[in-house]
Amino acid sequence: MIHLGAHMSTGKGFDRAARDARTIGADAMQVFTRNPRGGKARVLRESELAQLAREREQGLVIVCHAPYTVNLASAHDDVRAFGQQIIAEDLQRMQKLGARTLVVHSGAHTGAGEETGLARLIQSLDLPRVPAGSCILLETMSGSGSELGASIEALAHILAHFHHSPALGLCLDTCHLFSAGYDVRNWHAFKAQFTAQIPWQAVGCIHLNDSKTPFASNKDRHERLGAGWQTFFDIVRAEAASDLPLIMETPNDLSGWQEEIRALRAVL
């Protein structure tokens with residue numbers, strides 16, 4: 001059975017985030033491992049870890065997201081080294097939180113070209129440091145500017161380089177895919193296009209977002225699920241038997257996410 005949830009704020013603690021997730025009917029939540037703009041992560045309190053453990057026992061699935069400042073494809077050695085350090089720390093941190101997956105943006109080549117950027121990204125991915133049972137999920141991107149990871153071909157190249165290691169997978173973002181030119185409005189056709197190059201088991205999470213901008217716009221502008229309900233109903237039905245977390249990153253508050261989750265769960 002799929003797990004439905006949203007990206008929750010941890011401003012009042014990871015335990016409060018879990019309680020908020022429960023109040024909106026979620027059985028999954030995504031959280032930043034630290035401030036999304038980077039910086040030193042605060043010390044985790046034993047009380048919040050104990051509460052998280054209780055929530056996990058009740059079936060709550062936790063997905064972690066690395067800061068936006070991580071760019072493993074940067075032309076600058078210090079930026080790549082910073083990203084490697086953050087990911088190494090957060091892989092350990094998410095063990096304490098009880099998460100198994102860490103979503104990481106694929107990065108940007110910053111003018112060096114896609115081939116060079118992909119080579120730097122591959123070189124920077126230190127999979128031997130990924131704890132057993134854990135997985136880094138590269139997020140599909142919209143293709144804005146020099147972003148990497150907007151094409152299935154590029155992602156297939158990365159995964160193939162690592163021989164489809166269980167330590168590396170993908171997080172699909174419906175807004176990003178739509179903006180990158182993949183018509184997720186026909187989910188079955190998209191899956192056929194995707195699996196022609198990448199095994200579906202590489203997918204570890206799906207971000208459900210509508211798009212404020214038109215098809216193939218290469219813009220990253222998330223929207224509430226409103227206008228595209230049928231697309232998201234189709235995705236939920238198609239993945240109903242999977243164990244995937246489906247996370248709303250829509251511009252919403254708790255009540256808005258509650259309505260989205262309620263509507264999606266109703267089709268199961």
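Since we're looking at a predicted model, the values are computed, not measured.
For the residue pair D220/H222, the side-chain donor-acceptor check at 3.5 Å is satisfied. Side-chain contact, T250 with W257: a donor N or O sits under 3.5 Å from an acceptor N or O. A side-chain donor from one of Q95 and S134 sits under 3.5 Å from a side-chain acceptor of the other. Judged by distance alone, the side chains of H3 and D243 do bring a donor and an acceptor atom under 3.5 Å apart. When only modelled atom types and interatomic distance are considered, N209 and E223 share no side-chain donor-acceptor pair under 3.5 Å.
Every residue two or more places apart in sequence or in another chain that forms a side-chain hydrogen bond (donor to acceptor under 3.5 Å, both in side chains) with R42 is listed here: E48. Applying the salt bridge (charged side-chain N to carboxylate O under 4.0 Å, His left out) rule to R54 yields no partners; only residues at least two apart in sequence or on another chain are considered.
When hydrophobic residues (I, L, V, M, F, W, Y) are linked wherever their side-chain heavy atoms come within less than 4.5 Å, V61 remains an isolated member.
Judged by a 6.0 Å distance limit and a 45° cone about the ring axis, R185 is positioned over the six-membered ring of F215.
Using cut-offs of 30° and 60° on the angle between ring planes, the pair W229 and F233 is parallel. Ring pair H65/H207 is parallel by interplanar angle, where below 30° counts as parallel and above 60° as perpendicular.
In this structure, NZ in K96 is found 13.0 Å from CG in L52, a value given to the nearest 0.5 Å.
H176 places a side-chain N or O within donor-acceptor distance of the main-chain N or O of T140, the cut-off being under 3.5 Å.
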